[in-house]
Amino acid sequence: MSMRVDLSIIQDWVATNSRVLDLGCGDGTLMATLRDNKNVGGYGLEIGADEITACIAKQVNVIEQNLDDGLSNFSDNSFDTVIMTQALQAMRFPHLVLDEMLRVGQECIVTFPNFGHWKARWHLALNGRMPVSDLLPYEWYDTPNIHFCTFNDFEVLCREKNIHILNRQVVAEGHLSVLKDLRPNLFGETALYHLSLEPKESSQ
Amino acid sequence: MSKAEQADSVGIVTEELHHFDVPLDLACGVTLKSYDLMIETYGTLNQSRSNAVLICHALSGDHHAAGYHSESDAKPGWWDAYIGPGKPIDTNQFFVVSLNNLGGCNGSTGPSSINPDTESVWGKDFPKLRVRDWVESQARLADRFGIQQWAAVIGGSLGGMQAMRWALEYPERLQSCVVIASAMKLTAQNIAFNETARQAILSDPEYCDGDYLAQNTYPKSGLSVARMIGHITYLSDDAMGKRFGRELKAGSFQRGIDDAVEFQVESYLRHQGDVFSKKFDANTYILMTKALDYFDLAREYNENAVEAFKLAKCKFMVISFTTDWRFSPERSKEIVNALMDANKTVSYAEIKSNYGHDAFLLPNKRYEQVFRQHLNTLSIDEVAS
């Protein structure tokens with residue numbers, strides 16, 4: 001999946017001039033994009049040394065903080081949007097992280113890889129082994145991704161927690177990507193969810 | 001090639017004494033009629049005077065932050081690892097100003113100077129100083145150079161407190177505030193260490209109630225113990241263990257032999273205390289530790305650090321070290337959290353190091369990178385005068 005698609009969808013969901021907290025902000029590309037295009041302020045949290053240096057070089061506010069230690073240093077509703085891209089599956093307690101994101105932010109945006117994608121299903125069904133692919137390149141024993149879910153799993157969790165899905169987008173690459181709208185849980189590679197505890201009009 | 005001739009050294013440097021005649025009203029209510037500040041500068045001030053960086057020193061630091069005073073100098077200034085051509089505080093880019101703070105004992109007016117009113121040594125009667133007094137005197141130093149705004153005010157430990165005070169007192173006069181291994185206020189444990197060090201000095205009979213210079217004595221052993229106590233707290237358990245372990249400097253535990261046993265760590269600490277006590281003034285040590293204890297960033301802002309930081313206009317870089325227990329990462333996180341709540345521009349890095357509080361002075365690749373990247377983002381005019 002190209003980063004561009006990911007970024008442009010998130011950018012559409014984030015309000016101009018708003019305050020954003022980006023959990024696991026990487027090299028700061030997303031925060032820099034939001035700052036440059038939508039005058040968004042806020043902070044990225046990161047633990048990777050090289051990524052932190054890259055953020056500083058981009059003049060993105062970056063705070064060295066381990067997400068597994070929680071967000072207790074942030075007060076309720078102190079950000080408009082809390083974002084976590086491609087990291088929910090690497091959290092020790094994804095459901096608690098989600099709670100925290102919705103406590104600290106009015107809204108939140110999460111993106112994660114779909115473990116129900118046909119390639120993953122095919123790999124497990126045919127080989128009887130945990131899927132390893134270009135999208136999920138790790139062996140089971142050294143993967144940072146410890147809590148995989150499918151889109152359906154995630155939506156069940158949202159229902160149980162009374163979390164409102166304001167927007168959902170599914171991204172896929174390759175010639176089968178046209179099928180993603182038809183059967184997202186089978187053909188979508190990455191999901192982007194825009195969530196809130198309050199029901200709101202969809203912005204799209 | 002001597003060390004001073006190396007390409008990344010500022011080389012041989014010369015100290016300058018600046019005299020100030022305009023009286024300085026101190027926080028304690030006393031007015032200092034006139035005073036001297038001993039300083040060093042490295043690099044060149046550009047035409048727009050926009051590339052100046054102020055270095056604020058810690059407890060026992062002074063103006064000699066980089067380079068050598070002579071070819072025969074064994075050691076460079078205390079922050080030579082970070083100041084010089086191509087180093088994080090790059091003297092090809094920045095004009096670096098480093099001073100001995102008021103109350104110091106390396107050329108600036110302090111307890112060992114002459115009180116013009118009495119024409120004898122100030123001694124223990126030298127006014128108690130607070131961090132804000134230093135900031136005030138540093139602002140006058142900036143005026144003297146015609147520096148309207150520092151590109152950065154930088155300090156570690158007690159120096160970080162000065163940098164933060166700058167951000168609140170003179171928000172327009174700094175573009176960036178770099179706070180390293182510091183705190184918004186000391187913890188009780190931290191004050192306790194300072195008080196124990198002070199008591200070591202005060203209980204030395206040679207201290208003579210602070211009048212040792214007039215009495216022609218010197219509380220060498222008291223100051224030495226004070227430094228030993230401090231030194232232990234600047235190192236980590238791990239670093240001490242790795243460096244000294246239980247190695248013996250002298251004697252043995254062999255049966256039948258009654259040699260006096262001396263551990264390496266004992267010998268090392270005594271040496272550190274000894275060297276320090278020969279070059280530092282006991283009253284200055286007391287004054288500096290008290291300034292540390294008294295500092296409380298938010299005291300005048302309803303004890304609310306967020307409210308305090310709302311006044312700041314600069315960007316902040318906060319750095320801590322994993323094994324620093326004297327100014328632990330927790331203290332730095334408190335600074336960062338308050339800055340985020342105040343919606344300020346801030347980045348924070350927690351540098352992995354085994355060297356405890358001393359890490360802020362020592363070479364460390366990641367620390368250098370973060371520091372350098374932050375200073376690279378400052379906007380300064382390229383044209384040098």
Side-chain angles (χ1 to χ4, degrees), chain A residues 17-32 34-36 39-83 100-101 103-106, chain B residues 88 152 175-181 184 304-307 309-310 312 314-322 324 328-353 364-380:
Chain A
N17 301 325
S18 62
R19 187 170 137 99
V20 165
L21 184 65
D22 184 5
L23 308 180
C25 66
D27 66 4
T29 303
L30 174 61
M31 287 302 281
L34 293 176
R35 173 194 63 203
D36 297 343
N39 194 34
V40 161
Y43 307 91
L45 306 188
E46 182 52 58
I47 49 170
D50 292 341
E51 286 80 1
I52 288 171
T53 310
C55 286
I56 294 171
K58 287 193 182 81
Q59 307 208 47
V60 163
N61 289 331
V62 61
I63 308 299
E64 184 159 347
Q65 182 169 335
N66 192 331
L67 302 180
D68 275 330
D69 295 342
L71 299 176
S72 60
N73 54 323
F74 296 100
S75 45
D76 297 1
N77 285 323
S78 49
F79 289 86
D80 296 306
T81 308
V82 180
I83 303 176
E100 274 293 87
M101 289 175 73
R103 176 186 67 79
V104 170
Q106 305 265 2
Chain B
Q175 195 188 141
S176 158
C177 175
V178 182
V179 184
I180 306 165
M184 293 192 286
N304 184 336
V306 179
E307 193 180 311
F309 276 133
K310 278 187 178 154
C314 61
K315 54 166 97 173
F316 289 82
M317 179 75 230
V318 181
I319 299 173
S320 73
F321 300 92
T322 49
D324 185 351
S328 73
E330 285 308 314
R331 301 288 84 73
S332 288
K333 285 179 197 165
E334 288 165 3
I335 298 170
V336 172
N337 287 335
L339 284 167
M340 287 196 290
D341 283 346
N343 211 17
K344 294 296 154 183
T345 298
V346 55
S347 285
Y348 170 61
E350 195 173 308
I351 308 291
K352 200 167 178 243
S353 166
N364 176 310
K365 212 169 176 183
R366 184 167 173 230
Y367 174 27
E368 285 166 29
Q369 268 174 5
V370 162
F371 207 160
R372 183 191 307 275
Q373 280 301 347
H374 174 74
L375 293 181
N376 274 345
T377 64
L378 303 181
S379 49
I380 53 169

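Just so you know, these numbers come straight off a predicted model, no measurement behind them. Numbered from 1 within each chain, the chains take letters A, B, ... in sequence-line order. All heavy atoms count here, side chains included; hydrogens, waters and symmetry mates do not.
- Nearest heavy-atom pair, B/Arg366 versus A/Ala49, reported as atom, atom and distance to 0.1 Å: NE-CB, 3.3 Å.
- Residues B/Val346 and A/Ile63 come closest through the heavy atom pair O-CD1, 3.7 Å.
- For chain A, the nearby part of B/Leu339 is the backbone; its heavy atoms alone come within less than 4.5 Å.
- Residue B/Asn337 touches chain A through its side chain alone, counting heavy-atom pairs closer than 4.5 Å.
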*asked:* Evaluate A/Leu45 against B/Tyr348 for side chain to side chain contact (heavy atoms under 4.5 Å, CB included), listing each step before the verdict.
replied: CA-CA 9 Å; A/Leu45 306 188; B/Tyr348 170 61; over 6 Å; no

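- The CZ atom of A/Arg19 sits 8.5 Å away from atom CE of B/Met340, with the distance rounded to the nearest 0.5 Å.
- Proximity to chain B (any heavy atom under 4.5 Å) is shown, for A/Ser78, by neither the backbone nor the side chain.
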*Report the C-alpha distance between A/Asn73 and B/Lys333 in whole Å, list the side-chain angles of each, state the deciding distance to 0.1 Å, and finish with yes or no for side chain to side chain contact (heavy atoms under 4.5 Å, CB included).*
CA-CA 9 Å; A/Asn73 54 323; B/Lys333 285 179 197 165; over 6 Å; no

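- For the pair B/Val336/A/Gln65, no side-chain contact is recorded, criterion being any heavy-atom separation below 4.5 Å from C-beta on.
- For B/Lys315, the part lying under 4.5 angstrom from a heavy atom of chain A is the side chain only.
- The two residues A/Ala57 and B/Gln373 make their nearest non-hydrogen contact at CB-OE1, 3.3 Å.
- Test A/Thr53, A/Ile52, A/Ile56, A/Val60 against B/Ser347 for side-chain contact (heavy atoms from CB on, under 4.5 Å) and you get one pass: A/Ile56.
- Chain A forms the most heavy-atom pairs under 4.5 Å with one residue out of B/Glu350, B/Gln369, B/Lys352, and that residue is B/Glu350.
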